[in-house]
Student: 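Sending over a structure as structure tokens; questions will come in a sec.
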Amino acid sequence: MMEDDDVPQLVEADDAAPVVDEETAQQEIEEKKAKAVPVTILTGYLGAGKTTLLNYILTENHGLKIAVILNEFGEGSAVEKSMSIGQDGAMYEEWLELRNGCLCCSVKDVGVKAIENMMKKKGLFDYVVLETTGLADPGPIASMFWLDDALCSDVKLDGIVTVIDSKYGLKQLGEERSDGSLNEAVRQVALADRIVLNKVDLAKSQELAELKASIQAINSTALIVETNYSKVDLSFVLGIDAYDADERLEDLKAQAVTSTPHLDSSVRTVTIALPGCVDEEEAERWIQDLLWEQQLDDKPCGAEVLRMKGVLSIRGSDNRHILQAVRELYDKTETTEWGDAERVNRLVFIGRNLPEEDLRASFAKLVSSE
Ligand SMILES: Nc1nc2c(ncn2[C@@H]2O[C@H](COP(=O)(O)OP(=O)(O)OP(=O)(O)O)[C@@H](O)[C@H]2O)c(=O)[nH]1
Ligand SMILES: [Zn+2]
């Protein structure tokens, strides 16, 4: 028998195309997002402790049913062992259910196939953790989860967690490429929302301090924790909503300081804060010029932005507008009301060859007091 709620509402037919009111559409998007399964991307250089962290997550009692995707299976890895506990022998491309309800899968290709396979098991898990290979640039895979229309209704990017080897991290960050391109270790730090500084048992305190300073010089927005065998409070790495409005606002408030260049690699964080208002279209054009054309004021500026986030104070709008970008992809969403708070445009850039003064001066041209 049908409940009253299930009876379809009769709507008066109208010859014109149905008018979808914007607010309803926005609401639907929000609802979809709320239902989507969060995905954490776990990255970090070779041997840093990613699989150790995954295994820790898989064996902890966290009340979540986590599906794990491994795109590699080194001999005798800890997860491989827990998989053979789950079911003797049969593994790899098969999904295995572990004793605490987690699902585990090893696939060579971490691309769309792994995700498709994962979505077939929908309902069996409420969280996804995906380990990239040590030599992966997390940018493309983050973009795929973040904005891909085919996937984004089912999954949403929660954040990027980067594991770093405390002993070798500094060396890895400093490795120069003959072609001048950025090495993966630097990219992984640049895109990180959380950093797990692992193997502190093997590092001297001096090494650790230098490594920390270098990491902060590259990315002053990521939170850092020190661990042995990747034993981290799970709330530090899971469910962080790094691409969600509230966290963004808070972490932008936390670090108003611009870091100084430290390593030879010139990736660093630049923060600009300008009180006042900007025109929405002008601001958007400015962002596109910078991210897509590497231009400021119609002139090439050489800036390579890997990650950007910010709050915009849009003229004529009472709400904050939050900005998120990974490489050339960006997203702008309207969030909380400014209320009595001072209206400040705040932008954080992580990238290389960032002309701090020019960025500030150029954006300042868009800002007026009202
Ligand atoms: N001494 C020490 N060893 C650790 C620690 N964490 C992990 N290891 C060891 O370091 C090795 C590499 O760890 P993994 O977790 O496989 O590293 P990974 O990042 O997954 O490595 P790849 O997948 O090869 O990139 C393993 O032998 C771990 O047991 C730690 O905190 N201290
Ligand atoms: Zn691994």
Side-chain angles (χ1 to χ4, degrees), residues 39-60 62 66-86 91-93 96 98 102-111 114 128-142 159-175 182-212 215 222-234 236-238:
V39 181
T40 291
I41 295 175
L42 187 56
T43 180
Y45 216 64
L46 298 170
K50 300 180 293 294
T51 305
T52 306
L53 175 55
L54 267 185
N55 188 51
Y56 178 66
I57 292 171
L58 283 177
T59 52
E60 275 294 278
H62 36 58
I66 301 176
V68 156
I69 302 177
L70 279 168
N71 66 339
E72 53 184 344
F73 28 92
E75 249 177 76
S77 83
V79 167
E80 204 178 295
K81 280 179 204 143
S82 39
M83 288 168 74
S84 44
I85 295 168
M91 50 181 75
Y92 303 141
E93 301 275 338
L96 290 182
L98 304 181
C102 289
L103 287 173
C104 189
C105 177
S106 279
V107 282
K108 276 193 179 125
D109 171 22
V110 96
V128 176
V129 182
L130 190 153
E131 176 185 341
T132 70
T133 67
L135 291 176
D137 170 3
I141 194 153
I160 300 179
V161 175
T162 301
V163 185
I164 296 176
D165 185 320
S166 296
K167 187 161 180 58
Y168 297 112
L170 203 55
K171 191 168 159 277
Q172 290 157 355
L173 289 174
E175 265 165 27
L182 287 175
N183 77 49
E184 283 78 10
V186 172
R187 291 180 189 275
Q188 290 166 354
V189 169
L191 286 188
D193 299 299
R194 296 285 188 274
I195 287 177
V196 177
L197 215 44
N198 189 39
K199 304 196 184 182
V200 291
D201 58 322
L202 300 180
K204 299 191 191 80
S205 61
Q206 174 68 17
E207 285 172 336
L208 197 59
E210 275 181 45
L211 175 59
K212 260 185 158 170
I215 290 168
L223 302 181
I224 306 177
V225 73
E226 295 174 18
T227 62
N228 282 320
Y229 291 92
S230 305
K231 284 201 173 57
V232 60
D233 192 333
L234 293 186
F236 184 78
V237 291
L238 303 183

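Start at 1 and go down the list; that is how both ligands and their atoms are numbered. Along the sequence shown, the residues carry numbers beginning at 1.
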Student: Do side-chain atoms of Asp193 reach the backbone of Ile160 as a donor and acceptor pair under 3.5 angstrom?
Tutor: yes
Student: Any N or O of Ser230 that comes nearer than 3.5 Å to an N or O of ligand 1?
Tutor: no
Student: In terms of atom number and element, which parts of ligand 1 are under 4.0 angstrom from non-hydrogen atoms of Lys50?
Tutor: 15 (O), 17 (O), 18 (P), 19 (O), 20 (O), 21 (O), 22 (P), 25 (O)
Student: Can you list the ligand 1 atoms lying under 4.0 Å from a non-hydrogen atom of Leu202?
Tutor: 1 (N)
Student: I need the atoms of ligand 1 closer than 4.0 Å to a non-hydrogen atom of Asp201, numbered in the order shown.
Tutor: 1 (N), 2 (C), 30 (C), 31 (O), 32 (N)
Student: Around Tyr168, counting heavy atoms of other residues, nucleotides and ligands shown, do more than 12 lie under 6.0 Å from its OH?
Tutor: no
Student: Consider side-chain contact (heavy atoms from CB on, under 4.5 Å). Of Asp165, Leu170, Ile164, which one does Lys167 pass it with?
Tutor: Asp165
Student: So is there a nitrogen or oxygen of Thr51 less than 3.5 Å from a nitrogen or oxygen in ligand 1?
Tutor: yes
Student: Please could you name the atoms of ligand 1 that Asn198 approaches to less than 4.0 Å, counting only its heavy atoms?
Tutor: 5 (C), 6 (N), 7 (C), 31 (O)
Student: Show which atoms of ligand 1 fall inside a sub-4.0 Å distance from at least one heavy-atom site of Glu131.
Tutor: 20 (O), 23 (O)
Student: Does Gly44 come within less than 4.0 angstrom of ligand 1, counting non-hydrogen atoms of the residue?
Tutor: no
Student: Do any N or O atoms from the side chain of Thr162 and from the backbone of Gly44 form a donor-acceptor pair under 3.5 angstrom?
Tutor: no
Student: Going by the atom numbers of ligand 1, which of them fall below 4.0 Å from some non-hydrogen atom of Leu46?
Tutor: 25 (O)
Student: Any chance you could measure Leu42, atom CG, to Thr132, atom OG1, to the nearest 0.5 Å?
Tutor: 7.0 Å
Student: Between Tyr45 and Ala185, what is the shortest heavy-atom contact and its length?
Tutor: CD1-CB, 3.8 Å
Student: Gly47 to ligand 1: N or O pair under 3.5 Å?
Tutor: yes
Student: In this structure, does ligand 1 have an atom that sits under 4.0 Å from one of the heavy atoms of Val163?
Tutor: no
Student: When you measure from the side chain of Arg194 to the backbone N and O of Phe236, does any donor-acceptor pair fall under 3.5 Å?
Tutor: yes
Student: Minimum distance, heavy atoms only, to atom 28 (C) of ligand 1: which one of Asn55, Ile164, Thr227, Thr52 is it?
Tutor: Thr52
Student: Taking Asp201's backbone N and O only, do any of them form a donor-acceptor pair with Asn228's side chain (distance below 3.5 Å, no angle check)?
Tutor: yes
